[in-house]
Amino acid sequence: DNSYARELDGFYVAWQGEPVPAPQVLRLNEDLAKSLGFDPESLSGSQGAEMLVGMTVPDTASPLAMAYAGHQFGGFSPQLGDGRALLIGELIDTRGNRQDIHLKGSGMTPFSRGGDGKAALGPVLREYLIGEAMHALHIPTTRALAALTTGERIQREVPLPGAVLARAAASHIRVGTFQFFAARRDVPKLKQLADYAINRHYPHLANEDDKYVQFFNAVRDAQASLIANWMLVGFVHGVMNTDNMTISGETIDYGPCAFMDQYDPATVFSSIDHQGRYAFGRQPSIGAWNLARLAECLLPLIAPEDSEAGVETLNAALSDFGPEYERCWLNGFRRKLGLSLKVEGDADLANALLDQLKLQSVDYTGFFRRLAKYVNSGAQAALHPVVDAPEKLDDWLQRYDKRLAEEALDRAEISEAMNKVNPIYIPRNHKVEEALVASHDGDMSLFDKLLDVLETPFEERSGCEDYAKPAPSETPAYVTYCGT
């Protein structure tokens, strides 16, 4: 049921993927395929491969390239759009939810802006890995349905295997979609888009008198929760442009993303983020900045006759992003520390710990698993593998022990609860890179093993010790590149 194509004429260009020499399903997400109502065996065959690269489409599909604009690193581009992507169509999954089926790397479109419209295998597999890791961490995300090879060589710095990513998402409506029409002062289309987005994602608001304000509030809260989740697991998106921020509150576009090893708010991985605009610690403020751009788009709908009143209303709504983000983050950090009660001073306790982790360059993920061991044993020695000078944590640990004493559960139960929310396995950058390099030589074994580990991130497994460790100290600083 392709509602975007049917209801939003003028918001896209009908299009189809380019033919490729030898489409082949390299990896299929069978569990996701089943939940979407597909037969995995049929989807893995030659006809499924042709569909998933966009060469052929089912009779019921309506393939299109979506139009959108966006602020990229702070500079506004009035026309971006799907330059190497296609929305094949929508389906209703086995749970009754509407899902987009979307391709990346399917060829040039009218929005390509001089690019070749293609994708290389490495970035496709990166998005597959990290998207599935985020899903296993219970963080809203687009998900890879399949990674396909095309039989082409794609010219980048060097020739690389060509590939297409087929992914599923609640939708691909972005802040940049609204900006496309706001930049053209096309208020009727802005209203049409807002009504569609409300009906699709927030239908309970459809009959409210102030539905556009409430729509903004709903997007604001979804983004506050999403970014708080990123911060809690050490995820750096890397390219938080407004065209990469969804209305649904899902993580989208895993180009230069990575997970932080040593805790440092200034962490940047992207090769083009020279000023640290999208550094780990700046993600909440960038989220607020992006929401301000959405508010500008919605202003003509909220107060068409009185822009000053509209600005006041939206400024008040936007000002609630910070408190909502802090609430989501603090509740999540309490869970990381094993705290179920809400006690004044918990935020200071959490921030004092982060200050210590930064001073000692502590592995962010590993620390919380070790802290759970400390809670269970009461022995500082439990922290030795991840903290060079655990004695420097004495004052903080005393505060923490005192706070734990206020909880109803005993320390063994608290330790167990901590291990249910603090992952032992994340996509360690050196492990991701090993898997991607091997894939270019036709060896998918490292990819398969890493994916298998990441699908159960909270469960410690024998023989997987290397997957729980940060990169060796002599490893060069990790750099990521836009490419998907």
Side-chain angles (χ1 to χ4, degrees), residues 133-134 136-140 221-237 249 251 259-267 279-288 320-376 382-383 386-387 392-393 395-409 411 413-426 457-458:
M134 295 286 270
L137 291 166
H138 311 304
I139 297 175
D221 291 351
Q223 286 295 325
S225 175
L226 178 66
I227 296 171
N229 278 317
W230 292 355
M231 302 298 286
L232 291 167
V233 297
F235 174 73
V236 185
H237 184 280
T251 313
F259 278 74
M260 179 175 61
D261 280 341
Q262 283 72 38
Y263 178 79
D264 185 350
T267 298
F280 174 72
R282 296 199 66 193
Q283 292 182 133
S285 62
I286 290 296
D320 286 336
F321 173 82
E324 179 62 16
Y325 165 79
E326 290 293 338
R327 185 189 69 80
C328 293
W329 177 84
L330 181 55
N331 286 340
F333 212 94
R334 284 190 177 106
R335 291 190 291 271
K336 290 180 77 67
L337 295 177
L339 307 177
S340 58
L341 301 176
K342 297 179 180 179
V343 174
E344 188 175 353
D346 285 348
D348 289 340
L349 182 71
N351 286 313
L353 174 60
L354 294 179
D355 289 343
Q356 288 298 316
L357 298 188
K358 182 179 184 299
L359 286 173
Q360 296 198 50
S361 299
V362 175
D363 175 43
Y364 184 69
T365 301
F367 175 82
F368 289 97
R369 296 292 292 206
R370 282 286 163 182
L371 186 63
K373 292 182 184 292
Y374 164 79
V375 170
N376 193 34
L383 300 174
V386 292
V387 180
K392 293 183 178 180
L393 285 174
D395 289 345
W396 185 85
L397 288 172
Q398 288 178 18
R399 289 179 61 189
Y400 181 47
D401 287 335
K402 184 178 179 181
R403 176 64 182 81
L404 289 176
E406 300 180 47
E407 294 291 313
L409 300 179
R411 291 178 72 113
E413 292 171 318
I414 291 172
S415 175
E416 183 179 357
M418 291 171 69
N419 285 337
K420 291 179 179 178
V421 298
N422 289 309
I424 187 169
Y425 307 116
I426 58 168
F458 306 103

TODO: Could you pull out all residues at least two apart from R327 that satisfy salt bridge (charged side-chain N to carboxylate O under 4.0 Å, His left out)?
DONE: E324

Can you list, pair by pair, the side-chain donor-acceptor contacts under 3.5 Å of residues 349-359, counting residues two or more places apart and other chains?
unit_1, atom_1, unit_2, atom_2, d
N351, ND2, A347, O, 3.1

Open item on the list: Quick one, N419 and F458 - any side-chain contact, counting heavy atoms below 4.5 Å?
Closed with: no

Open item on the list: Classify the ring geometry of W329 against F333: parallel below 30°, tilted from 30° to 60°, perpendicular beyond 60°.
Closed with: tilted

TODO: Give, for atom CH2 of W230 and atom CG of L232, the distance between the pair rounded to the nearest 0.5 Å.
DONE: 12.5 Å

- [ ] Indicate the atoms forming the closest heavy-atom contact of F259 with V233, along with that distance.
- [x] CD2-O, 3.6 Å

Open item on the list: With a 4.5 Å cut-off on side-chain heavy atoms, are L397 and Y374 touching?
Closed with: yes

- [ ] Apply side chain to side chain contact (heavy atoms under 4.5 Å, CB included) to the pair D363 and F367, showing each step before the final yes or no.
- [x] CA-CA 6 Å; D363 175 43; F367 175 82; 6.0 Å; no

TODO: Quick one: closest heavy-atom pair of E407 and G338, and the distance?
DONE: OE1-O, 4.2 Å

Task: With E413 via side-chain contact (heavy atoms from CB on, under 4.5 Å) - residues at least two apart - done: L409, D410

Task: Non-hydrogen side-chain atoms of L337 and L371 separated by less than 4.5 Å - done: yes

Task: Minimum-distance pair of heavy atoms, taken over all atoms of I227 and G287 - done: CD1-CA, 3.7 Å

- [ ] Would you list the pairs meeting salt bridge (charged side-chain N to carboxylate O under 4.0 Å, His left out) in which at least one residue belongs to residues 339-351, sequence neighbours left out?
- [x] R334-D346, D346-R403

- [ ] For A279, enumerate each residue passing the side-chain contact (heavy atoms from CB on, under 4.5 Å) test, keeping only those at least two apart in sequence or located in another chain.
- [x] V268, R282

- [ ] Could you check if a side-chain atom of K373 sits within less than 4.5 angstrom of a side-chain atom of N376, using non-hydrogen atoms only?
- [x] no

- [ ] Calculate, to the nearest 0.5 Å, the distance between atoms CD and CG belonging to E326 and N331 respectively.
- [x] 11.0 Å

Task: Gap between atom CG of L339 and atom CG of L330 - 0.5 Å precision - done: 9.0 Å

Task: Closest approach of G281 to P284 (non-hydrogen atoms, all atoms of both residues) - done: O-CD, 3.6 Å

Task: Nearest-0.5 Å distance, CG of residue L383 to NZ of residue K392 - done: 14.5 Å

Task: Nearest-0.5 Å distance, OG1 of residue T365 to CG of residue N422 - done: 8.5 Å

Open item on the list: With heavy-atom distances below 4.5 Å as the criterion, would you say the side chains of V386 and Q360 are in contact?
Closed with: no

Task: Nearest non-hydrogen partners of Q283 and M231, listed with the distance - done: NE2-SD, 3.3 Å

TODO: Report yes or no: is the cationic atom of R369 (NZ for Lys, CZ for Arg) under 6.0 Å from the centre of the six-membered ring of Y425, at an angle within 45° of the ring normal?
DONE: no

Task: Crowding at CD, E416 (>12 non-hydrogen neighbours, <6.0 Å) - done: no

- [ ] Can you sort out the partners of Y364 under ring-ring contact (aromatic ring centres under 6.0 Å, His included), two or more places apart, ordered by chain and number?
- [x] Y263, F368

Task: Rounded distance (nearest 0.5 Å) linking atom SG of C328 with atom CG of L226 - done: 10.0 Å

